[in-house]
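This chain uses plain numbering: 1 for the first residue, then up along the sequence. Atom set for the values below is all heavy atoms of this structure, side chains included, hydrogens, waters and symmetry mates excluded. Bear in mind the structure is a predicted one, so any value in this text is a computation, not a measurement.
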Amino acid sequence: MAKTIFEEMGGAYVRQGDYFIPCLTLPAEKENKPIGVWGQRHKRYLREHKRAIYTNLLTSGKLNSYLADIDEQAEEMFFRLVEQMAEREGVTEQFKAANGLEWTRRMNNIRACAMELVNKEIIYN
């Protein structure tokens with residue numbers, strides 16, 4: 001029996017019942033960096049809305065490193081925005097000591113605004 005192109009390239013088949021199924025494996029990723037909350041959100045967005053990009057990254061073995069990079073960019077942008085907004089609005093440690101509840105309210109508002117900007121610019125783009 002003549003070999004198929006798949007077998008000539010080093011592929012193999014496994015018999016399951018009456019069918020021969022090719023043994024396919026995904027390429028191993030070089031780095032296995034941890035993915036944070038921002039990377040997980042972007043992964044979910046890709047899986048639900050950008051299936052072709054998600055599948056291409058997954059099958060090429062680049063998904064984890066891509067998501068780790070997105071996570072790092074989003075984390076840096078978030079902290080930079082929070083710091084800049086707090087400085088611009090005058091929310092300092094002295095303000096925190098003087099009025100803790102108002103400081104908490106303002107910081108929560110700043111963090112929510114920064115999170116919205118990161119989501120718009122990096123995660124869901």
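Heavy atoms from other residues, nucleotides or ligands lying under 6.0 Å from CD of Glu83 number 12 at most. No more than 12 heavy atoms of other residues, nucleotides or ligands sit less than 6.0 Å from atom CG of Leu101. Environment of CD in Glu48: crowded, with over 12 heavy atoms of neighbouring residues, nucleotides or ligands closer than 6.0 Å.
Considering NZ of Lys33 and CG of Leu67, their distance stands at 11.5 Å, rounded to 0.5 Å. To the nearest 0.5 angstrom, Arg47 atom CZ is 12.0 Å from His42 atom NE2. Taken to the nearest 0.5 Å, the CZ atom of Phe78 stands 11.5 Å off from the CD1 atom of Ile123. Between atom CE of residue Met77 and atom CD1 of residue Ile122 there is a gap of 5.0 Å, rounded to the nearest 0.5 Å. Summarising the geometry, atom OG1 belonging to Thr104 is positioned 11.5 Å from atom CZ belonging to Arg111; distances are rounded to the nearest 0.5 Å.
Cation-pi geometry between Arg41 and Trp38 is satisfied (NZ or CZ under 6.0 Å from the ring centre, within 45° of the ring normal).
Using a 4.5 Å heavy-atom cutoff, the side chains of Met85 and Cys113 are in contact. Counting heavy atoms from C-beta on, the side chains of Glu72 and Glu76 come closer than 4.5 Å. In this structure the side chain of Lys43 never reaches within 4.5 angstrom of the side chain of Ile35, judged on heavy atoms. Put simply, the side chain of Ile21 does not reach to within 4.5 Å of the side chain of Tyr13, judged on heavy atoms. Between Met107 and Val82, the closest side-chain pair of non-hydrogen atoms falls below 4.5 Å. With contacts defined as side-chain heavy-atom distances shorter than 4.5 Å, the pair Tyr66/Leu46 qualifies.
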- Taking it one step at a time, do Leu81 and Ile110 satisfy side chain to side chain contact (heavy atoms under 4.5 Å, CB included)? CA-CA 8 Å; Leu81 286 171; Ile110 288 169; over 6 Å; no
- Task: Begin with the C-alpha distance, continue with both residues' side-chain angles, and end with the deciding distance and a verdict on salt bridge (charged side-chain N to carboxylate O under 4.0 Å, His left out) for Arg106 and Glu102.
- Result: CA-CA 6 Å; Arg106 287 187 180 185; Glu102 181 66 17; 3.2 Å; yes
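Contact between Ala68 and Pro34 at its shortest, heavy atoms only, is CB-O, 4.3 Å.
In this structure, Thr55 contributes its side chain and Ala52 its backbone to no donor-acceptor pair below 3.5 Å.
Between Asn125 and Glu121, the side chains place no donor N or O within less than 3.5 Å of an acceptor N or O (distance only, hydrogens not considered).
Between Tyr45 and Tyr124, the ring-plane angle classifies as perpendicular under the 30° and 60° cut-offs.
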